[in-house]
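Nothing fancy with the numbering, it's 1 onward along the sequence. Here the structure is a predicted model, which means the values were calculated and not measured.
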Amino acid sequence: YVFTGTGIGKTTAAVGRGIRFVGEGKRVVMVQLMKGRGTTGELLIQERLYPDFQVYQCGRAGWVDLDNPSQEDKDLARDALERARDLAKREQPDMLILDEVNLACHIGLIGVDEVMGLLDELPSDMAVILTGRYAPVELVKRADVVSEILDIKHP
C-alpha cells in the first residue's frame, strides 16, 4: 500500500489498516521516520495494543527542514530503515508500516533504492504500507494499492 498526497490522513489511514489487522489476530510494526515528538495518538495507542501493535519513532523532536535537511535527520532516517529491517526479521509482523518514508525519499533523507532494497528483503506475505507526501514513482509502480489523499478543505 502507498498512501500519499497533500491532504491530512495518510498516517491515520495506515493506522486504521493496522488496527484492522490487529482485530484479525495479526501483528503490526510501525516505524515512523521524521517523527519523534512522543505524544501522537498512534504512539500512545500502543500502550493498549502492545505487542500486537508496536510503534517506533525514529526522528528527533523538532521539525525537519524540508528544503535543507540536516545530516542528523539523514542519519536518523537511515537508522530508521535499519530498525525496520531488524524489526521485520525479529518480530516477523504481518504488517510493516513505514510512516513518512515517501517524504523522506522526496527530500533526500534516504534513497528510493534503499527502500526498494528493504522491500526486496521482506517476506512476500508481509503487508507493507508506505506513507507520506510525494511518493516516488518507483514505489507507486511497485505497490498493489495506491491512495492519494487530497487537500480539499484544510484549516
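Using a 4.5 Å heavy-atom cutoff, the side chains of D94 and M126 are not in contact. M34 has its side chain within reach of L66: a pair of non-hydrogen atoms, C-beta onward, lies under 4.5 Å apart. Side-chain contact between N102 and H106: absent, with no pair of heavy atoms (C-beta onward) separated by less than 4.5 Å. Taking the side chain as every heavy atom from C-beta outward, D67 and I107 never approach each other to under 4.5 Å.
Note that the CZ atom of R90 and the CZ atom of R85 stand 14.0 Å from one another [nearest 0.5 Å]. Atom CG of L150 and atom NZ of K153 lie 16.0 Å apart (nearest 0.5 Å). Taking CD1 from I45 and CD1 from I19, the interatomic distance works out to 6.0 Å, rounded to the nearest 0.5 Å. Note: L49 CG to R27 CZ = 13.0 Å, rounded to the nearest 0.5 Å.
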TODO: Assess whether side-chain contact (heavy atoms from CB on, under 4.5 Å) is satisfied between V101 and V31, documenting all intermediate values.
DONE: CA-CA 9 Å; V101 72; V31 175; over 6 Å; no
TODO: Check the pair R142, D120 against side-chain contact (heavy atoms from CB on, under 4.5 Å), reporting the backbone distance first and the verdict last.
DONE: CA-CA 11 Å; R142 179 152 183 175; D120 289 340; 2.8 Å; yes
TODO: Kindly indicate, with the supporting measurements, whether the criterion side-chain contact (heavy atoms from CB on, under 4.5 Å) is fulfilled by I110 and V115.
DONE: CA-CA 8 Å; I110 52 175; V115 178; 3.7 Å; yes
Open item on the list: As a quick check of understanding, evaluate side-chain contact (heavy atoms from CB on, under 4.5 Å) for K26 and M95, giving each step before the final call.
Closed with: CA-CA 8 Å; K26 298 176 182 176; M95 175 182 282; over 6 Å; no
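Taking every heavy atom of both residues into account, Q46 and L43 meet most closely at CG-O, 3.0 Å. When all heavy atoms are compared, the tightest approach of I97 to A14 is CD1-O, 3.5 Å. For the pair V28 and G18, the tightest heavy-atom approach, listed with the atom from each and the gap, is CG2-O, 3.5 Å.
Every residue two or more places apart in sequence or in another chain that forms a side-chain contact (heavy atoms from CB on, under 4.5 Å) with Q71 is listed here: K74, D75.
At a threshold of 4.5 Å between side-chain heavy atoms, the hydrophobic network of Ile, Leu, Val, Met, Phe, Trp and Tyr places L103 and L76 in two separate groups. Y1 and L119 sit in two unconnected hydrophobic clusters of ILVMFWY residues. Membership requires side-chain heavy atoms under 4.5 Å apart, directly or through other members. Put simply, I149 and V146 are part of two different groups of oily side chains (I, L, V, M, F, W, Y) that touch within less than 4.5 Å, one to the next. The cluster map of Ile, Leu, Val, Met, Phe, Trp and Tyr, joined by side-chain heavy atoms under 4.5 Å apart, puts L98 and I129 in different clusters. In the hydrophobic clustering of this structure, L33 does not group with V15; members are Ile, Leu, Val, Met, Phe, Trp, Tyr whose side-chain heavy atoms approach within less than 4.5 Å, directly or through other members.
No donor-acceptor pair under 3.5 Å is formed between the side chain of E24 and the backbone N or O of F21.
Remark: K10 fails to qualify as a cation-pi partner of F3 under the 6.0 Å distance and 45° angle criteria applied to the six-membered ring.
No hydrogens or angles considered: a donor-acceptor pair under 3.5 Å links the side chains of K35 and T11.
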Sequence neighbours left out, cut at 3.5 Å: what donor-acceptor pairs do the side chains of residues 130-140 make with other protein atoms?
{"unit_1": "T131", "atom_1": "OG1", "unit_2": "D99", "atom_2": "OD1", "d": "2.5"}
{"unit_1": "T131", "atom_1": "OG1", "unit_2": "E100", "atom_2": "N", "d": "2.8"}
{"unit_1": "R133", "atom_1": "NH2", "unit_2": "T6", "atom_2": "O", "d": "3.1"}

If you look only at distance, which donor and acceptor atoms sit under 3.5 Å apart when one is on a side chain in residues 50-61 and the other is two or more places apart or in another chain?
{"unit_1": "Q54", "atom_1": "OE1", "unit_2": "Y56", "atom_2": "OH", "d": "2.5"}
{"unit_1": "Q54", "atom_1": "NE2", "unit_2": "P51", "atom_2": "O", "d": "3.0"}
{"unit_1": "Q54", "atom_1": "NE2", "unit_2": "E91", "atom_2": "OE1", "d": "3.3"}
{"unit_1": "Q57", "atom_1": "OE1", "unit_2": "R37", "atom_2": "N", "d": "3.3"}
{"unit_1": "Q57", "atom_1": "OE1", "unit_2": "G38", "atom_2": "N", "d": "2.8"}
{"unit_1": "Q57", "atom_1": "NE2", "unit_2": "Q32", "atom_2": "OE1", "d": "3.2"}
{"unit_1": "Q57", "atom_1": "NE2", "unit_2": "T40", "atom_2": "OG1", "d": "3.4"}
{"unit_1": "R60", "atom_1": "NE", "unit_2": "D73", "atom_2": "OD1", "d": "2.8"}
{"unit_1": "R60", "atom_1": "NE", "unit_2": "D73", "atom_2": "OD2", "d": "3.4"}
{"unit_1": "R60", "atom_1": "NH2", "unit_2": "W63", "atom_2": "O", "d": "3.0"}
{"unit_1": "R60", "atom_1": "NH2", "unit_2": "D73", "atom_2": "OD2", "d": "3.1"}

